[in-house]
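Accompanying notes for the structure given below.
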Protein chains: 2
Amino acid sequence: MSEPHILIVDDARDIREPLATYLKSQGFRVSLAASAADGRAAVEDGAVSLVVLDVMMPGENGLSLCRWLTARGGPPTILLTAMADEADRIVGLELGADDYVVKPFNPRELLARIRAVLRRVPQMAATQPAGRRRFAGFLHDADARTLTRGGGEPVALTSAENRLLCVLLDRPGQVLTRDQLLDLTAGREAKPYDRAIDNQVSRLRRKLGEDPRMPAIIVTEWGGGYRLAAEVVAEGDT
Amino acid sequence: MSEPHILIVDDARDIREPLATYLKSQGFRVSLAASAADGRAAVEDGAVSLVVLDVMMPGENGLSLCRWLTARGGPPTILLTAMADEADRIVGLELGADDYVVKPFNPRELLARIRAVLRRVPQMAATQPAGRRRFAGFLHDADARTLTRGGGEPVALTSAENRLLCVLLDRPGQVLTRDQLLDLTAGREAKPYDRAIDNQVSRLRRKLGEDPRMPAIIVTEWGGGYRLAAEVVAEGDT
DNA sequence: ACGAGTTTGTCGCAATCTGTCGCAAACGCC
DNA sequence: GGCGTTTGCGACAGATTGCGACAAACTCGT
């Protein structure tokens, strides 16, 4: 379908550009950003599979962007740095980085590490953020916020329902905790006894026409969270 | 939820044992193996979350075990080696290793890398083998968590029942002790007088419509554990 | 700005899930 | 058969979830 999309965030053009050329030659799609802020924007635009991130940059620190990515459950991160200090490596990894490569680096090693990380990441984690997708006999249009049964009449979704469904469709089969869902759909932390997600799930299930006895599309993992149990395929224009 | 289970495969006791002690002190469950063959056996027993694997060992090579793990979709691997050669690192990573640490290593860095890898492989073991399988006249859908008798109406399984059934279906004919089942389904150790598994089996048997006098699908091995006595065939999509 | 209609979060109770306990039944051994 | 051990499973309790009802927040037309 599509090659993985790598975002390189580094203020030094003489690192950024040769690396981009090399990765493109290896079949990746590559985007560039010269600052943490640009990198953040690029990630929010969507469809980034992995971020290669320089730690030392003027302005916002690379580590802080890394932490932000981790907290959001965003794409995986490989940190890049001139510092060989072991303590820095450990801090980086503990912050949520998936790997840590020291400059100067052999591009082939970085490539191998990129592949190793991507191999382990549920590939759907960073696909298209929107569009039309088909699942379990439904067609979901994220832009129009509608849900159409195989046959006919479209059902309107509220914006919260639409966000929840998008998040689930982005990660089919993956169990998401209430905390993650809250963060991803509303961008907020859970209060004590927060049942907002349970309700959204309940409402969405109803619109999906689920059997309350036996939900087959949005499945509850007891003590864990929720999971989408359906195959999802992106839909082109019709 | 449950501590991850690390398997250390290294022929050198003076590496293996201090490392095991350290990882245990950090809250992991740890198993040891002194050869690739032992390591393979330990993985097949199940419930290993991650393998730390020495490359240089007498007898079977660590790389060959690594390749076997990858091919099998087994747990992630971190290679450990005395060789600092970049080419070796790249080969290791391309073989399917998730990370590569050079001896002598700082245990804290290895720990951070273990955590980094585990972070990206959440409940892979629990959710991985999903799909539909047919056995003893039933069709089990691990994703939707349903059980359908040859003819008709599907029965809903709970999370725990589904996990137990998946574990049994993964190993038809093999006797699994309560300890193994607990580990594989709940990722925890048995307490004294722990009868949780007996109960799950009992509940699952009821949903399978077993004759209490003489269970024919999930068989009790007296003094041993339980065993699935049925042929299992994977089911394609229909 | 105001008010009607929608959407979304909070509360509370009923239902469900899962581990623990206890006792009777089943088993292996002498 | 007697006896200690192991297993089956009903009953129970604590935790978790489903969801109806209500209220707060928001949307929009006027």
Which is it for B:Arg133 and B:Asp170 under the salt bridge (charged side-chain N to carboxylate O under 4.0 Å, His left out) test, yes or no, and what are the steps along the way?
CA-CA 10 Å; B:Arg133 285 180 285 196; B:Asp170 282 342; 2.8 Å; yes

Under 4.0 angstrom between B:Thr158 side-chain N/O and C:dT18 OP1 or OP2:
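For C:dT18, OP1 or OP2 has a side-chain N or O of B:Thr158 closer than 4.0 Å.
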
OP1 or OP2 of C:dG19 versus the side-chain N and O atoms of B:Lys191: is any pair under 4.0 Å?
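No, B:Lys191 has no side-chain N/O under 4.0 Å of OP1/OP2 on C:dG19.
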
Using a distance-only test with no angle check, is there a side-chain donor-acceptor pair under 3.5 angstrom linking A:Ser202 and A:Arg195?
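No donor-acceptor contact under 3.5 Å links the two side chains.
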
Whole-Å distance separating the [atom1] atom of [X] from the [atom2] atom of [N]:
X	N	atom1	atom2	value
B:Ile197	C:dG19	CD1	P	8 Å
A:Arg203	C:dT7	CZ	P	11 Å
A:Asn162	C:dT6	CG	C1'	16 Å
A:Leu182	C:dT8	CG	C1'	12 Å
A:Glu161	C:dT8	CD	P	6 Å
B:Leu164	C:dT18	CG	P	11 Å

Does [X] reach the main-chain N or O of [Y] with its side chain, forming a donor-acceptor pair under 3.5 Å?
X	Y	result
B:Lys207	B:Ala156	yes
A:Glu94	A:Val91	no
A:Glu210	A:Ala216	yes
B:Gln174	B:Arg171	no
A:Arg203	A:Glu161	no

Pair [X] + [Y]: basic N to acidic O under 4.0 Å:
X	Y	answer
B:Asp10	B:Arg16	no
A:Arg188	A:Asp194	yes
A:Arg178	A:Asp198	yes
A:Arg134	A:Glu231	no

Terminal contacting nucleotides, 5' and 3', DNA chain D versus chain A (heavy atom, 4.0 Å)
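First-to-last contact on DNA chain D, by the 4.0 Å heavy-atom rule, is D:dA15 to D:dA21.
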
Check the interface with nucleotides 23-27 of chain C: list each N/O to N/O pair with the protein under 3.5 Å, or write none.
none

For a quick check of understanding: with a heavy-atom distance under 4.0 Å over all strands, which category does [X] fall into, base, sugar-phosphate or nothing?
X	value
B:Arg205	sugar-phosphate
A:Asn199	base
A:Arg163	nothing

Supply the atom-to-atom distance B:Leu228 CG to B:Leu176 CG, rounded to the nearest 0.5 angstrom.
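So the CG of B:Leu228 and the CG of B:Leu176 are separated by 9.5 Å.
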
Taking the nucleotide of DNA chain D with the nearest heavy atom to each, does A:Arg206 or A:Asp198 sit closer to the 5' end?
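Its nearest nucleotide being more 5', the pick is A:Asp198.
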
Through what angle, rounded to 10 degrees, does the axis of the helix from C:dA1-D:dT30 to C:dC30-D:dG1 turn between its ends, using five pairs per end?
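It works out to 40° between the end axes.
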
Base C:dG9 paired with A:Arg188 side chain (donor-acceptor, <3.5 Å)
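Not at all, since no donor on one side and acceptor on the other fall under 3.5 Å apart.
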
